[in-house]
Amino acid sequence: MATRILPSHPSALPRTHDPNNNGSGCSRSNNLPVRRKAEDHPVLALLDDHRRLDADGIRRIHARMLRLGLLGHPYSASRLLAACSLSPSADLRYARRVFDHIPAPNLFTWNIIIRAHASAPDPRLALLLFSSLLRHSPHSPDKFTFPFAIKAAAELAALREGAALHAMVAKSPLLRSDVFVLNSLVHLYAACGDSNLSLRVFEKIPERDVVSWNSAITALAQGGRWDEALQLFEEMDGENVRPNDVTMVSVASVCGKKGDLELGKRIHSYIERNDIKQSLILDNALLDMFVKCGSLADAESLFDGMATKDSISWTTMLVGYAKSGQFDAARRVFDEMPRRDIASWNALISCYEQSGRPKEALDLFHELQHADATPDQVTLVAALSACSQSGALELGCWIHAYMEKNNLELNFHLTTSLIDMYSKCGDVDKALHVFGCVSRRDVFVWSAMIAGLAMHGRGREALDLFEQMEEAKVEPNTVTFTNILCACSHAGLVEEGRLYFSQMLPVYGISPTADHYSCMVDILGRAGRLEEARGYVENMPMPPGASAWGALLGACAVHKNVELGELACKRLLELEPRNHGAYVILSNLYARSGKWDAVAMLRKWMKDSSLKKEAGCSSIEVHGVVHEFLVGDISHPMKEKIYLQLEDMASRLKAAGYVPNRKLVLQDIEDDAKDKALCLHSEKLAIAFGLLRTCSPAPIRITKNLRVCDDCHSVAKLVSGIYNRNIILRDRYRFHHFTGGSCSCMDYW
DNA sequence: GTAGGGTTAG
């Protein structure tokens, strides 16, 4: 902490105790009608009820006190400072100016000004004032000072400064047994993320009060030690400390995090039985608990009965509906709530985005531009993630520019989101640019960049980056390794993949998870080493999941191994009976191997079991607006032009010798209809729209929710040559850059 | 001589 930059405090200057100096710069008149002690001047009585004073009232009293010379008296001055620091309309800059003009502030005055800053937006000032107190005043901090200073350190999660304060406390017998001081230390260590230290302090408190227990329970709750938090709650009883509303807030929050509805209901009735004080915060915590436990009915009935509600109450209900898929109800709550703050917007935007509804998320983000709220970092992370999902590069760029224009600080989270957005929207070089511009990178930032290079098939660069990450002494985590293995897979780097996989545990201390094994299956399978891949699946230390069997099935489809493919598909379907993709890949495998009977059988079976395929959906962004297409979509306002463009494409492709790949159509229909179904695939509609609405040299960027089909892949290649346009297509697994008639994936995906 | 610590959403 930069305590040295503290501006010198006026009180630090040597002072002569001139009775005529009232500290206001004017000489006191000797002609006061009645001489009275400054401490009981009637004007001070006006400050008694400072909760009711507004800024003007304080200013008037301040002026009178100046005229009367009362600010030269430490006690009277402290009364004014208390009023202007603690009144609800407190203006801290004003308070600070008053403080700076008090000639000899007493300890009470120091405590007030430190307290006021500890819970203000910049708690660093409280710590600066504390160090100024130490260095420039004749007073020593007391049992009142420390809780405020420690609170400031807690707000900043400043472990080093907090520990220094703790060390000072430990030297004084009076301080180290004061329950207020100790409670604030329990809170401090929790806020710094060290629940162990927090508990150590708690255990040494000689006479614990309810706040001690609450602080310790909260420390455990926030440290993810839910069961221990509940255990501590039970222990309170044994020590004859009655839980209060604050206790129950933490306990309810733990129930929510555990998702334990039964326990939550018991807690709810405990609150009613034990006459725990009602509070808005407690009601909100219970609401949140019911929502997290998935009981909307309980949440609704509590919400309906609440006498007062704030935007947290409304937002919690909104999230409840959204998380249970009732987006109309969520939107209704959003529209009905009396006051929407940025958090309400964030909640709905995030819910859309996290439920795979990026278009709704971005529509709402657009709506926010005209609303009475300002996007914050949470908003932008959610919006960027929605851009990533739908491939909305233009909007993503706009958000990036918005951040720069508004000097929004690029924290790790936002940096990661930006890199992820640029990578997933197809502009990995822009992602690299962002990566190169930030000076500090945590493991998530590095991992996102490695993932970006991986999905574009730039495996070598991804591995180089990993080496740089090691040189920068950033420890990789389990996600980093998934991304590295993914890079090896997309670039066909078999030996490298094998090497990194084998080093995970012995060198990096990270146990390979099912995901990592699946990546290995993918790496080996793609390279045609099917038996070795099968060995990985069968010798995993955990039961192989759908992703491992899926990787093996995909590899079998590429390398036309029907027997192993059937086995992998069977195992996959045992785990995920409704995995439509598995049937499609198996059917493609049969078709490629000329097993038409099997194709027909599979087709019939799928029809009989009325298995619904996840609808293929392609989106393309033009001038900041995302357009979505389903197969055969006729809902777009420009549908006539799009279908004319498709006809143009069909005739030019035919002239180039293209034959539709009917084998890929699973429906039992005539050849003509098959051709039609093929040419109406969502990615072709999006390509047609892209040809219409964008101009060379801008690439046509398309995002597809499923794996791109063989036929669309061939068409995209041809279109890139015939129309001389670059097409960048992102499918569920990777990017395809189509240029001059060929694709960056070398037809291997 | 005055006062203090702990709690809810995204």
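Chain naming here is simple, since letters A, B, ... match the order of the sequence lines and numbering starts at 1 in each.
- Separating the CG atom of N346(A) from the C1' atom of dA9(B) is a distance of 10 Å, rounded to the nearest angstrom.
- Residue contacts shown for Q222(A) are limited to sugar-phosphate atoms, with no base heavy atom under 4.0 Å away.
- Applying the ring pair (Phe, Tyr, Trp, His ring centres under 6.0 Å) rule to F365(A) yields no partners; only residues at least two apart in sequence or on another chain are considered.
- Atom CZ in R339(A) sits roughly 14 Å away from atom C1' in dA9(B) (whole-Å rounding).
- Residue R115(A) has a polar side-chain atom (N or O) positioned under 4.0 Å from OP1 or OP2 of dG4(B).
- When only modelled atom types and interatomic distance are considered, D420(A) and S417(A) share no side-chain donor-acceptor pair under 3.5 Å.
- R79(A) is linked by a side chain to side chain donor-acceptor pair (under 3.5 Å) to D48(A), Y75(A), counting only residues two or more places apart in sequence or in another chain.
- Note: CD1 (I312(A)) to C1' (dT8(B)) measures 5 Å, nearest angstrom.
- K143(A) comes within contact range of at least one nucleobase, with a heavy-atom separation under 4.0 Å.
- Rounded to an integer number of Å, the gap from NE2 of H117(A) to P of dA3(B) is 21 Å.
- Of the residues in residues 233-254 of chain A, those lying under 4.0 Å from DNA chain B by heavy-atom distance are N244(A), V246(A), V249(A).
- Within the nucleic acid shown, S184(A) has no heavy atom closer than 4.0 Å to any nucleic acid atom.
- Heavy atoms only, all atoms of each residue included: K143(A) and D178(A) are closest at CD-OD1, 3.5 Å.
- D376(A) meets the salt bridge (charged side-chain N to carboxylate O under 4.0 Å, His left out) test with no other residue; sequence neighbours excluded.
- Considering only side-chain atoms of I281(A), the nucleotide from dT8(B), dG4(B), dT2(B) that sits closest is dT8(B).
- Aromatic pair W110(A)/F130(A): centroids not less than 6.0 angstrom apart.
- Rounded to whole Å, the distance from CG on N411(A) to P on dG10(B) is 18 Å.
- Nucleic acid contact for N111(A): base, since at least one base atom lies under 4.0 Å from a heavy atom of the residue.
- Looking at heavy-atom distances under 4.0 Å, V179(A) makes contact with a base.
- Applying the ring pair (Phe, Tyr, Trp, His ring centres under 6.0 Å) rule to F108(A) yields no partners; only residues at least two apart in sequence or on another chain are considered.
- The ring pair (Phe, Tyr, Trp, His ring centres under 6.0 Å) test applied to F233(A) returns Y270(A), not counting sequence neighbours.
- Closest to the K292(A) side chain, of the nucleotides dA9(B), dT2(B), dT8(B), is dA9(B).
- Residue-level contact check: D310(A) touches neither bases nor backbone, having no heavy atom under 4.0 Å from any strand.
- Computed from coordinates, the I113(A) CD1 to dG4(B) P distance equals 15 Å when rounded to whole Å.
- Taking the 5.5 Å centre cut-off and the 30° plane limit, the aromatic side chain of F144(A) is not classed as stacked on dG4(B).
- Residue Q278(A) places none of its side-chain N or O atoms closer than 4.0 Å to OP1 or OP2 of dT8(B).
- Picking from dT2(B), dA9(B), dG10(B) the nucleotide with the shortest atom distance to the side chain of I342(A) gives dG10(B).
- Using a 5.5 Å limit on the distance between ring centres and a 30° limit on the angle between planes, the aromatic ring of F108(A) counts as stacked on the six-membered base ring of dT2(B).
- The distance between atom CG of L107(A) and atom P of dG4(B), rounded to the nearest whole Å, is 15 Å.
- If you take CD1 of I271(A) and P of dT8(B), they are 14 Å apart, rounded to a whole angstrom.
- At the heavy-atom level, A343(A) lies under 4.0 Å from base atoms of the strands shown.
- Among dT8(B), dT7(B), dG1(B), the nucleotide with an atom closest to any side-chain atom of Y75(A) is dG1(B).
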